[in-house]
Amino acid sequence: MTMRTTLLVQTFVLKRKRLIPGDRQVSPTSSGAMKLAEGMATRMPGTAALQIVDDDETGELESATILSQYGDVPDDFAESLQAA
């Protein structure tokens with residue numbers, strides 16, 4: 001069992017007056033993900049920098065952590081990560 005860590009930025013867009021997930025962008029470092037999320041938040045309703053840890057062989061999610069969030073993010077976003 002090999003654990004893999006992925007750092008990414010999740011954007012959120014408004015569709016029919018609701019925030020929904022938009023594009024994702026992978027980052028090589030956690031600080032880079034946070035800076036990218038902060039910069040993208042000036043052009044998007046909201047962004048979040050995430051650290052995802054999963055099993056490389058099975059793809060099973062071990063943990064998902066919000067490193068930072070900017071702008072408008074859905075209220076249930078943190079709970080939806082834990083449920084995944």
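The model shown is predicted, which means the values in this text are computed figures rather than measured ones.
- With hydrogens and angles ignored, the 3.5 Å screen pairs no side-chain donor or acceptor of Ser68 with any backbone N or O of Met34.
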>> Is there a side-chain contact (heavy atoms from CB on, under 4.5 Å) between Phe12 and Val73? Walk through the geometry before answering.
In response: CA-CA 7 Å; Phe12 295 94; Val73 175; 3.9 Å; yes

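- Rounded to the nearest 0.5 angstrom, Asp23 CG and Leu8 CG are separated by 12.0 Å.
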> Going through the checks in order, is the side-chain contact (heavy atoms from CB on, under 4.5 Å) test met by Leu61 and Ile52?
Replying inline: CA-CA 8 Å; Leu61 181 67; Ile52 309 295; 3.5 Å; yes

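- Side-chain contact between Met40 and Gln25: present, with at least one pair of heavy atoms (C-beta onward) separated by less than 4.5 Å.
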> Between Asp54 and Glu60, is a side-chain contact (heavy atoms from CB on, under 4.5 Å) present by the stated rule, with each step listed?
Replying inline: CA-CA 5 Å; Asp54 65 344; Glu60 187 174 322; over 6 Å; no

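- The minimum heavy-atom distance between Val9 and Ala33, with the atom names listed, is CG2-O, 3.3 Å.
- The CE atom of Met3 lies 10.5 Å from the CD atom of Glu57; values are rounded to the nearest 0.5 Å.
- A distance of 9.5 Å separates CG of Leu67 from OG of Ser27, quoted to the nearest 0.5 Å.
- Residue Arg4 places its CZ atom among more than 12 non-hydrogen atoms of other residues, nucleotides or ligands, all under 6.0 Å distant.
- In this structure, Phe77 CZ and Leu50 CG are separated by 4.5 Å, a value rounded to the nearest 0.5 Å.
- Summarising the local packing, CG of Asp76 is surrounded by more than 12 heavy atoms from other residues, nucleotides or ligands at distances under 6.0 Å.
- For the pair Ile20/Val13, a side-chain contact is recorded, criterion being any heavy-atom separation below 4.5 Å from C-beta on.
- The CE atom of Met44 sits 12.0 Å away from atom CG of Asp72, with the distance rounded to the nearest 0.5 Å.
- Side-chain contact between Leu19 and Pro45: present, with at least one pair of heavy atoms (C-beta onward) separated by less than 4.5 Å.
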> Taking it one step at a time, do Gln51 and Leu7 satisfy side-chain contact (heavy atoms from CB on, under 4.5 Å)?
Replying inline: CA-CA 5 Å; Gln51 176 177 303; Leu7 301 158; 3.8 Å; yes

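- Between Leu81 and Ile66, the closest side-chain pair of non-hydrogen atoms falls below 4.5 Å.
- Heavy atoms from other residues, nucleotides or ligands lying under 6.0 Å from CG of Asp55 number more than 12.
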